[in-house]
Each structure stands twice: as structure tokens, then as C-alpha cells.
Number of protein chains: 2
Amino acid sequence: MENKKKSTIKDIAAVLGLTPSAVSKALSDHPRISEKTKLAVKETAIKLDYQPNYLSSALRKGKSNLVGVIIPRVNSHFFSSVMENIEKTLNLNGYNIIMTQSNELYAKECQEIDTLLKIQVDGIIASMANETTDLEYYKKIKSKTELVLFDRGEEELNVDYVGIDDYKSSHLVVDHLVSQKCSRIAHIAGFKHIRIYKERIRGYKDALEKSGLAAPDNWIIESNLRLEDGRRIMQQLLDSPERPDAVYVAGDIAALGALQILLENNIKVPEEIALIGFSDEPFTSLTQPSISTVNQHSDQIGKLAAEAFLQRITNPKQKINRIILEPELIIRQSSNRNLK
Amino acid sequence: MENKKKSTIKDIAAVLGLTPSAVSKALSDHPRISEKTKLAVKETAIKLDYQPNYLSSALRKGKSNLVGVIIPRVNSHFFSSVMENIEKTLNLNGYNIIMTQSNELYAKECQEIDTLLKIQVDGIIASMANETTDLEYYKKIKSKTELVLFDRGEEELNVDYVGIDDYKSSHLVVDHLVSQKCSRIAHIAGFKHIRIYKERIRGYKDALEKSGLAAPDNWIIESNLRLEDGRRIMQQLLDSPERPDAVYVAGDIAALGALQILLENNIKVPEEIALIGFSDEPFTSLTQPSISTVNQHSDQIGKLAAEAFLQRITNPKQKINRIILEPELIIRQSSNRNLK
DNA sequence: TTTATTTGTTCCAACGTTTGAACAATACTA
DNA sequence: TAGTATTGTTCAAACGTTGGAACAAATAAA
């Protein structure tokens with residue numbers, strides 16, 4: 001015989017012979033309530049295990065103090081680290097977050113957006129799914145609540161954004177590979193319709209050109225950057241008439257797949273083919289050889305995205321923020337020919 | 001000049017010259033509302049981009065259709081897969097989930113519980129943090145809403161539970177190691193105060209005894225099972241006067257740490273020391289050598305936990321479910337002496 | 001034609017909290 | 001001692017939605 005009874009402000013009022021409004025004011029430290037009453041109210045609140053009903057207060061105040069976060073997938077160090085830092089920053093400011101994942105699917109993303117809007121979140125912080133090309137749903141968010149994007153976001157939406165300089169990242173990667181005497185550099189890329197991957201491709205091309213190099217068009221291969229994509233494309237590159245002597249992969253997981261294929265084919269990394277990934281996922285330092293990669297500063301991105309949201313809530317009409325962080329190349333064994 | 005104006009049932013009513021309650025009934029297909037009115041209402045709802053206000057309806061109905069999920073950390077294949085399957089199952093039944101992570105910290109866990117209760121979720125599905133020994137907060141959940149536990153849960157709480165047979169898992173592991181002619185088997189364990197780890201330890205001891213083996217007490221070493229714990233303890237075992245010839249690690253991440261130390265010390269795995277982890281995290285198949293491990297059926301656990309919740313919501317007084325799944329030993333290179 | 005039934009709608013109270021206004025009681029000022 | 005200020009509380013309306021009861025109009029049954 002269980003009774004899942006939640007106590008309300010009324011119950012406290014009844015115990016103390018007060019009105020609900022007196023209790024409400026006491027709980028929120030209203031100046032006109034006597035210290036004695038406040039103390040009594042707070043004691044009974046604890047005694048009755050009172051939990052404020054968020055639904056009613058949010059309804060009344062028109063503010064939920066809830067922020068929705070949409071990420072492509074939770075099972076990635078980059079995204080979960082961003083997540084954690086968003087949460088940490090917002091918690092300090094009295095907000096709670098609802099995290100959802102799109103699984104890189106447009107349909108799921110739309111569904112999550114609808115749910116979050118229904119819940120009346122005070123804002124949404126998101127990184128777009130790989131599949132997303134239609135921006136309608138994001139425009140819908142914009143018309144209903146605050147929106148901050150990070151990492152994967154489109155300029156067209158004209159909202160606050162935090163990310164790294166993807167164009168420059170490719171320069172760091174290519175310049176380093178060139179310094180390692182690589183000259184036939186292929187690029188396992190993300191889909192060009194996503195801005196960050198487009199920028200990485202653009203940076204890759206420009207950096208090659210700067211060094212007087214050029215890559216055949218079929219050395220830029222777009223994909224979803226999953227493990228199996230990395231494997232498939234690396235095999236494809238190995239089978240091509242002229243093999244590259246370096247491969248720049250736009251994501252670490254795909255880079256791992258590529259590394260597997262290289263090892264399975266007994267190709268020496270980095271001597272025969274050098275390899276560089278993207279994101280600094282923890283496993284890149286654990287593989288044999290360890291994988292060079294680009295650090296995207298996930299901790300800072302989360303913090304900055306949360307702060308951008310907080311600023312916008314405080315002052316909705318301030319001008320749009322675009323925060324672009326400096327990428328950092330982490331050189332490990334897979335691209336360091338000097339070390340070995 | 002933006003107007004983040006949300007339209008309400010009142011706006012629709014005003015447009016059509018109806019009352020809000022007529023609109024509400026039309027939207028929920030009340031039988032007494034004429035088809036004509038329903039059509040008109042639904043059209044205007046779309047035209048005005050009407051989004052039902054979840055706060056008010058949840059408040060009124062006393063049901064939020066929101067379920068809180070608390071997991072120790074999101075960045076683990078096991079937990080994120082459970083998560084995904086909980087979400088999938090609950091979504092099909094009209095529920096949305098709010099996922100939170102405790103980061104294995106008791107304080108964070110309590111905070112998350114309070115938030116979820118404040119939000120008035122219809123139930124909580126959780127796996128306890130490593131740190132948690134005091135069950136007060138879980139009893140609090142029980143007194144306020146429905147609670148389902150998975151993987152890490154205590155029997156004392158007497159709530160629905162889904163997990164695997166940890167005692168048996170250890171038997172599978174030890175029996176396999178014995179079949180590989182290992183006789184000095186150490187155990188890098190989780191903390192004994194957590195039931196699942198206690199069970200793994202108990203199974204390990206009993207299985208050893210069954211095979212006429214015994215391990216010195218200092219070969220059962222409890223820890224948080226993080227990467228660095230695995231490294232530290234493995235080093236400790238290597239430095240001990242009599243080295244083990246097999247190590248059974250109660251978590252994959254710690255097993256990876258142990259493997260790193262073994263490789264750094266040029267110890268042949270599995271010939272000199274065999275290694276087995278726990279959870280079937282994806283990276284276990286990617287290491288060199290690949291790591292044997294125990295499959296916990298994360299997909300099923302999520303589905304079953306969600307179903308347990310749904311059943312309890314429908315029928316609060318049905319008797320407590322304890323669903324125990326069969327563990328599955330996945331034999332890979334790190335423990336297979338025959339293969340090599 | 002009167003009475004009963006069905007249909008489509010409005011009315012109203014409620015969910016739990018918040019907040020400005022109103023009020024009574026006490027304390028301070030002239 | 002009357003008048004004003006201060007203090008501590010209650011009152012009442014509101015947030016948006018819901019759902020039972022009430023009601024009027026149209027239709028069916030007697």
C-alpha cells in the first residue's frame with residue numbers, strides 16, 4: 001500500500017495555519033515575511049519533503065529554466081564533453097538541461113525539437129545532424145525560443161555560434177604532412193553540405209595549392225565518417241593506381257577504420273602512409289601507432305555555448321555572437337616520421 | 001525586432017469565435033465536437049503554428065509524460081546503448097525522456113534526482129553511481145514517483161530491476177581461463193559495496209574454488225575501474241613476487257589500461273598473461289590484441305527497463321519485477337591461447 | 001404537439017504557484 | 001493623540017489547459 005503523495009505549498013500552509021501565498025513568499029525570501037515565519041515554513045517544507053512543482057511555477061512565471069541540448073550522438077567524447085560543460089555552466093546559473101540525441105537523423109532531430117518546444121524550454125543549444133540540409137525546423141526554433149549552435153551550424157541561420165576554425169585546421173594538418181615530406185595527400189571528408197566539412201575541404205585544397213601540390217578529385221571522398229566508412233574508403237585508396245602517402249581524415253572514428261585497414265595490409269604508418277584524424281577522441285592516443293589529430297577544445301566550446309545562451313537570455317537584442325576558436329594540431333606517431 | 005510569440009488555445013478560439021474549451025476538445029477529438037469545428041480548429045492551429053503548452057496540460061492532468069533517466073556517465077557504449085533503447089521504447093508509448101548523468105558522483109546524483117522530481121517526471125529509470133552507498137535519495141524517489149533500476153541497483157530498495165547474472169558471469173570467465181590452462185588468476189574488481197561488483201567477486205571466488213584453485217587476498221583489488229586504475233593495479237600485480245598468469249577485470253576501460261601496461265612491459269598476451277574485461281565496449285574488438293569480454297546485452301536491458309516502467313505505470317500494484325539476463329562470454333585474442 | 005433524446009457548445013472550477021494590491025496591526029513621528 | 005510609516009499577512013487573479021456540468025438548439029419519439 002504505497003502513497004506517492006507529493007506535498008504542496010498548501011500542505012505547508014495548512015500545517016502552519018497560513019495561506020499558500022504566505023508560504024510561497026516565505027520560500028522565496030520575500031522581504032515582507034517575518035524571519036520567524038520563514039524559518040517555520042522552511043522547516044515544515046523539509047519535514048514534509050516538499051518539492052516545488054516546477055510545472056506550475058514555470059507556467060506562472062512563463063519561464064521554465066530548462067534548456068534543451070541536441071547533439072548528434074552522446075557516445076562520442078567530443079559531444080559528451082561539450083554536453084558536460086554546457087551542463088556545468090548552466091547549472092551554476094540555475095538552469096537545468098534536457099539532453100537529446102538526433103543519432104545523426106533528420107527525422108529524429110525534428111522530433112526532438114518538437115518535444116523540446118512542447119516542454120517550453122527557455123532555449124536550445126544544438127549541433128546539427130549529418131543528415132540535416134533543410135533548415136526549416138531550426139528556423140522554427142528561432143521563432144519560438146532562443147537558439148545557440150555549436151560545431152555543426154549554418155551561417156544562414158544567423159544565430160549565436162561557437163566552433164573552431166575548420167579552414168585553418170586543414171592548413172595545420174596539410175602543412176604538417178608536407179613538413180613530413182608527404183606529397184600525395186588524400187582526404188577522407190565529411191559531407192560537403194555541412195559547413196564545417198566544406199570548410200575542411202576548402203582548407204585542404206588551398207593548403208595543398210599553397211605548397212605547390214594538388215590532389216586528383218577522387219582523393220577527396222565524402223562520407224558519414226563512421227568506422228566502416230573509414231575502412232571502405234581507405235581500402236579504395238589502397239586499390240587505386242597511385243597510392244597516397246598521407247591521408248587526412250575529417251573524423252577520428254573513420255581514421256581508426258582507416259588505420260585498421262592500413263595495419264591489416266601491413267603498411268607502415270607513418271613511413272609508407274601517414275595518417276591524421278580529427279577531434280582528439282581519447283582512443284586516438286591508445287592505438288598502436290597513436291593517431292595524430294586536431295583538438296577542438298570541447299570543454300571550452302561547451303562553456304562558451306552556455307555563456308552565449310545566458311547572454312542572449314539576459315539581453316535578447318544584442319548582436320549575434322560568432323565565436324571561433326583556434327584549432328590545435330596534436331602530433332602523434334601516425335604522422336610523425338622523425339620520431340620513429 | 002523579433003517576436004517569440006507562442007500562440008495559445010485562446011488565440012485559436014478568438015479567431016474562430018469559440019471558447020478555449022471548445023478548442024481544447026476539438027484538438028483532442030472529443031466526440032461531442034462537430035467535424036466542421038474540429039477541422040476549422042485544426043486548420044487554424046496549423047496556421048497559427050500552435051504548439052500545445054505542455055506545462056499547463058501536464059499541470060492540469062497531473063501527468064507529464066516525461067521519464068527521467070539517470071546514468072553514471074553518458075560516454076560509455078553500455079550506458080548510451082541502454083539509454084537509446086529506453087528512449088526508443090518509451091517514445092513509442094508517448095513518453096519523452098530527460099537524460100542526466102551522475103558522473104559517478106553521489107552529490108551530482110542527488111541533485112539530478114531533485115531536479116527530476118521538481119520537473120514532475122512520471123518516473124525515473126536509473127543505474128546508481130559508483131560512489132552511492134546511502135540509499136536515502138532513492139527511497140525519496142520511491143515515495144514520490146515510480147522507480148526502475150538497471151545494472152547497478154540494490155535489492156534492498158525493492159523496486160523493478162533489470163540486469164545480468166553477475167555471479168554467473170564470473171563463472172564463465174574463470175572457467176574459460178582455466179580451460180586455457182591459467183591457474184593464477186587475479187581480479188581487478190569494482191567496489192564491493194556495489195552489488196554487481198560484489199557478485200562478480202563472489203562468483204570469481206566460488207569459480208576458483210570449484211576448480212580447486214585459490215587466489216591470495218591481495219589478488220582481488222577494488223577500484224573505480226577507470227583507465228588509470230587499470231594501469232596502476234596491473235603494474236602493481238606485475239611488481240608482486242608471484243605474477244598472475246591471467247587477469248579478470250570487472251570493466252573494459254580498466255582492462256584497456258591493464259593491457260597498455262602489459263604491452264609496455266613486453267608481456268605476451270595471452271601467452272604469458274591472459275586478460276578478460278567486462279561490458280563489450282566497442283573498443284575491445286579494436287585493440288591489438290583484441291580483448292575478451294562479457295556481453296551485458298545493453299540493448300535488451302534498455303528495452304526491458306522501459307517496459308518494466310510502462311507496466312508499473314499501468315498497474316502500480318503489480319509485484320516487483322527482477323529480470324536477470326544471461327551473460328555471454330566473448331572470447332577474443334587476449335584470452336585465447338589456442339588461436340595464436 | 002408535447003416530451004425525451006441527441007448534439008454542439010459554453011461555463012466554470014481546477015492543477016500549484018506567483019505577485020501586486022489590499023488590509024490590519026503594530027511601530028514611529030509630529 | 002492623531003497621523004503616517006512600516007510590517008506581516010491575506011486576497012484575488014493569473015499562467016494555459018482540461019473536463020464535468022450546464023445549457024440551448026435541433027432532432028427524434030410519443
For this session: Run the numbers on A/S24 and A/S21 for side-chain hydrogen bond (donor to acceptor under 3.5 Å, both in side chains), then give the verdict.
Result: CA-CA 5 Å; A/S24 167; A/S21 63; over 6 Å; no
For this session: Please step through salt bridge (charged side-chain N to carboxylate O under 4.0 Å, His left out) for the pair B/K47 and B/D11, ending with a clear verdict.
Result: CA-CA 11 Å; B/K47 205 173 295 162; B/D11 300 323; over 6 Å; no
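The pair A/R152-A/E104 meets the salt-bridge criterion, with a side-chain N (NZ, NE, NH1 or NH2) lying under 4.0 Å from an Asp/Glu carboxylate O. The residues A/E112 and A/K108 are annotated as salt-bridged, a charged nitrogen and a carboxylate oxygen being separated by less than 4.0 angstrom. The residues B/R195 and B/D151 are annotated as not salt-bridged, no charged nitrogen and carboxylate oxygen being separated by less than 4.0 angstrom. In summary, A/D114 and A/K140 engage in a salt bridge, as defined by a charged side-chain N under 4.0 Å from a carboxylate O. Ion pair A/K303/A/E87 not flagged as a salt bridge, since none of the NZ, NE, NH1 or NH2 atoms sits closer than 4.0 Å to an Asp/Glu carboxylate oxygen. In this structure, B/R312 does not pair ionically with B/D122, as no charged nitrogen and carboxylate oxygen lie closer than 4.0 Å.
With rounding to whole Å, A/I9 atom CD1 is found 14 Å from C/dC15 atom P. Regarding A/Q51, its CD atom lies at a distance of 18 Å from the C1' atom of C/dC15, rounded to whole Å. In this structure, the CD1 atom of A/I119 is 18 Å from the P atom of D/dG16, given to the nearest Å. For B/I33 and C/dT10, the CD1 to P distance is 8 Å, given to the nearest whole Å. Atom-to-atom, NZ of A/K36 to C1' of D/dT9 comes out at 12 Å; the value is rounded to the nearest Å. Between the CG atom of B/L59 and the P atom of D/dG16 there is a distance of 12 Å, rounded to whole Å.
Regarding contacts with the backbone of C/dT17, a side-chain N or O of A/Y50 is found under 4.0 angstrom from either OP1 or OP2. Contact annotation: A/T37 side-chain N/O to D/dG8 OP1/OP2 distance is not under 4.0 Å. Note on B/S56: every side-chain N or O is 4.0 Å or more away from OP1 and OP2 of C/dC15.
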Expected rows: protein N/O vs nucleotides 23-26 of chain C N/O, under 3.5 Å:
none

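Residues of residues 11-23 of chain B that place a heavy atom closer than 4.0 Å to DNA chain C, in numerical order, are B/G17, B/L18, B/T19, B/S21, B/A22.
Checking B/P31 against A/S7, the closest nucleotide of DNA chain C that is more toward the 5' end is the one next to B/P31.
Among the nucleotides D/dC15, D/dG19, C/dT17, the one closest to any side-chain atom of B/K61 is D/dG19.
Within the nucleic acid shown, A/S28 has no heavy atom closer than 4.0 Å to any nucleic acid atom. Using a 4.0 Å heavy-atom distance criterion, A/S24 is classed as a base contact.
Under the rule for a ring pair (Phe, Tyr, Trp, His ring centres under 6.0 Å), B/Y106 has no partner lying at least two apart in sequence or in another chain.
With hydrogens and angles ignored, no donor-acceptor pair closer than 3.5 Å exists between the side chain of B/K25 and the base of C/dG8.
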